[in-house]
Amino acid sequence: MRTRVAIVGAGPAGLLLSHLLAAGGVESVIVESRTREYVEARIRAGILEHSTVDLFKSVGLDERLQREGDEHRGIYLQYPGERHHLDFVDLGAHTVWVYGQTEVTKDLGAAREAAGQQIVYEAANVALHDIETERPFLTYTDTGGSPQRLDADVIVGCDGSFGPSRAAVPQHARQTWERTYPFSWLGILADVAPSTDELIYAWHPDGFALHSMRSPQVSRLYVQVPNGTDVADWSDERIWAALATRLGDGENGWRLTPGPITEKSVLPMRSFVMAPMRHGRLFLAGDAAHIVPPTGAKGLNLAVADVALLAPALSALLTRNDPRPADEYSDRALRRVWRCTHFSWWMTSMLHTGEDPFDAQLQLAQLRWVTSSEAGAGGLAENYAGLPIGF
Ligand code: RFL
Ligand code: PHB
């Protein structure tokens with residue numbers, strides 16, 4: 001089989017890239033190791049930046065988002081005894097949208113299906129070859145167990161943090177930076193109306209807690225737990241009790257309403273960046289090139305920003321023989337990646353508690369500043385709501 005752009009991975013980055021390429025007249029094929037059902041049910045991100053929503057709008061992907069998404073003007077930041085609302089719009093920034101990654105993936109999947117996009121699901125042993133030449137290709141095994149080959153002009157690795165694309169770049173041609181945090185999140189989905197109108201990020205001596213949501217009937221909440229935590233040690237009662245304490249149930253008349261938990265998982269927290277995001281005819285986008293801890297709600301939005309830059313760059317390369325935007329892709333994308341890596345590290349460092357009482361006082365001092373100074377709040381708002389795609 002032959003195509004112009006071979007995309008590894010049908011997550012948000014891969015699906016959106018194929019959509020944007022098609023709009024620019026460039027054909028692509030996606031090769032994905034999982035089933036479509038698995039990809040669409042994977043519970044992950046929940047917050048879309050303004051520029052992500054604008055991009056979806058500009059390419060006709062916002063019909064259900066407009067109907068079912070929830071536009072938020074800001075977030076609550078709290079520490080014991082105090083809850084502050086940061087209104088991003090009043091602070092000169094933009095609104096954000098609550099719309100689950102599951103829904104983004106379903107909308108993208110439906111749009112690609114309507115356009116007749118070729119997506120190979122359940123491909124095993126995906127491998128990249130000849131990426132330093134102008135004739136790179138993928139090999140994989142199809143569901144019938146037959147070996148297959150996909151020739152292309154360009155390969156794009158959108159295969160997340162564990163896919164084969166990143167590893168296809170030789171060691172001498174890449175640099176990586178990494179930070180592993182000494183805590184994880186235990187996340188739940190619950191069939192209960194959210195107890196808040198906008199997200200609550202809470203600092204507490206017992207550990208961080210976050211109250212998010214997916215719809216008027218479904219809440220998404222997280223508590224900080226030690227690395228290596230086994231979900232089996234956290235009964236539903238224990239989770240709701242920890243959330244009640246950390247989120248301040250009963251304080252200033254606010255109540256947390258518990259409900260049936262439908263999903264529970266532990267997520268380790270990591271920052272990772274690889275540069276450059278290109279080697280020869282292989283380009284990387286999304287989690288394949290960088291990971292951020294979820295505290296800044298940036299991972300999905302960064303994946304979207306990468307492919308928003310990459311799609312026109314590949315169109316220029318493949319349809320006009322203009323290599324310049326493709327040559328500039330990595331540097332331009334990494335500017336934003338490092339900005340978001342810093343913001344995500346900063347939010348994570350400010351909100352997660354550890355052993356050191358000095359660190360705790362610094363965190364509280366920082367939280368008091370961010371919630372009382374317009375300059376402090378404005379910086380958080382600008383970064384959380386997101387910088388323009390071309391930043
Ligand atoms: P994905 O979504 O991981 O998709 C990669 C795809 O590649 C496939 N794949 C392979 N295909 C072929 N061959 C192989 N060998 C393959 N290996 C893997 C995978 O099956 C998959 O389909 O990466 P992508 O597209 O770059 O998208 C990135 C986002 O998924 C990720 O950054 C976000 O989910 C991060 N994130 C959040 N981001 C936000 O912007 N806002 C949030 O509120 C937010 N919350 C979160 C998050 C991530 C979380 N977890 C679980 C890590 C909350 C959580 C809990
Ligand atoms: C979520 O709703 O899953 C979510 C929201 C905000 C974050 C992280 C996760 O910072």
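When a ligand or atom number is given, it counts from 1 through the structure's own listing order.
At least one N or O atom of Pro12 sits closer than 3.5 Å to an N or O atom of ligand 1. Among the atoms of Trp185, none of the N or O lies under 3.5 angstrom from an N or O of ligand 2. For ligand 2, none of its N or O atoms has an N or O atom of Tyr384 under 3.5 Å away. Between Asn301 and ligand 1, an N or O atom pair is found at a separation short of 3.5 Å. For ligand 2, the polar-atom distance check finds an N/O of Pro294 within less than 3.5 Å of one of the ligand's N/O atoms. Every N/O-N/O distance between Ala288 and ligand 1 stays at or above 3.5 Å. The N/O atoms of Leu300, backbone and side chain alike, include one that comes under 3.5 Å of an N/O atom in ligand 1. Close N/O approach between Gly46 and ligand 1 is found [any backbone or side-chain N/O within under 3.5 Å]. Here's the thing with Arg42: one of its N/O atoms is less than 3.5 angstrom from an N/O atom of ligand 1. In terms of polar-atom proximity, Pro164 is not counted as a contact of ligand 1, lacking any N or O under 3.5 Å from an N or O of the ligand.
The protein heavy atom nearest to atom 3 (O) of ligand 2 is Tyr222 OH, 2.6 Å. Here the protein heavy atom with the shortest distance to atom 6 (C) of ligand 2 is Tyr201 OH, 3.3 Å. Ranking protein heavy atoms by distance to atom 36 (N) of ligand 1, first place goes to Ala45 CB, 3.7 Å. Ranking protein heavy atoms by distance to atom 20 (O) of ligand 1, first place goes to Glu32 OE2, 2.6 Å.
Contacts with ligand 1 closer than 4.0 Å are made by backbone heavy atoms (N, CA, C, O) of Val31 only, the side chain lying farther away. At a 4.0 Å heavy-atom cut-off, ligand 2 touches Arg214 through the side chain alone. Contacts with ligand 2 closer than 4.0 Å are made by backbone heavy atoms (N, CA, C, O) of Thr295 only, the side chain lying farther away. Under 4.0 angstrom from ligand 2, the non-hydrogen atoms of Ala297 come from both its backbone and its side chain.
Interface of Ile47 with ligand 2, defined as ligand atoms under 4.0 Å from a residue heavy atom, comprises 5 (C), 6 (C). Counting atoms of ligand 1 from 1 in the listed order, those under 4.0 Å from a heavy atom of Tyr222 are 53 (C), 55 (C). Heavy-atom contacts of Gly163 reach the following atoms of ligand 1: 17 (N) (cutoff under 4.0 Å). Residue Leu267 has at least one heavy-atom neighbour below 4.0 Å for each of these atoms of ligand 1: 51 (C), 55 (C). The atoms of ligand 1 that sit less than 4.0 Å from any heavy atom of Gln101 are 2 (O), 29 (C), 30 (O), 33 (C), 34 (O). Heavy-atom proximity to Arg44, at under 4.0 Å, picks out these atoms of ligand 2: 3 (O). Close approach of ligand 1 to Arg34 (heavy-atom distance below 4.0 Å) involves ligand atoms 20 (O).
Using a 4.0 angstrom heavy-atom cutoff, Ala123 does not count as in contact with ligand 1. Contact between Leu210 and ligand 2 is present, with at least one heavy atom of the residue lying under 4.0 Å from the ligand. Heavy atoms of Gly187 stay at 4.0 angstrom or farther from ligand 1. Heavy atoms of Met347 come nearer than 4.0 angstrom to ligand 2 in no pair at all.
Closest heavy-atom approach to atom 16 (C) of ligand 1 within the set Ser33, Gly386, Ser165: this belongs to Ser33.
A donor-acceptor pair shorter than 3.5 Å can be found between the side chains of Tyr181 and Ser271.
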Could you walk me through whether Val104 and Val304 pass the side-chain contact (heavy atoms from CB on, under 4.5 Å) test, one step at a time?
CA-CA 11 Å; Val104 170; Val304 167; over 6 Å; no
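Environment of CZ in Arg179: sparse, with no more than 12 heavy atoms of neighbouring residues, nucleotides or ligands closer than 6.0 Å.
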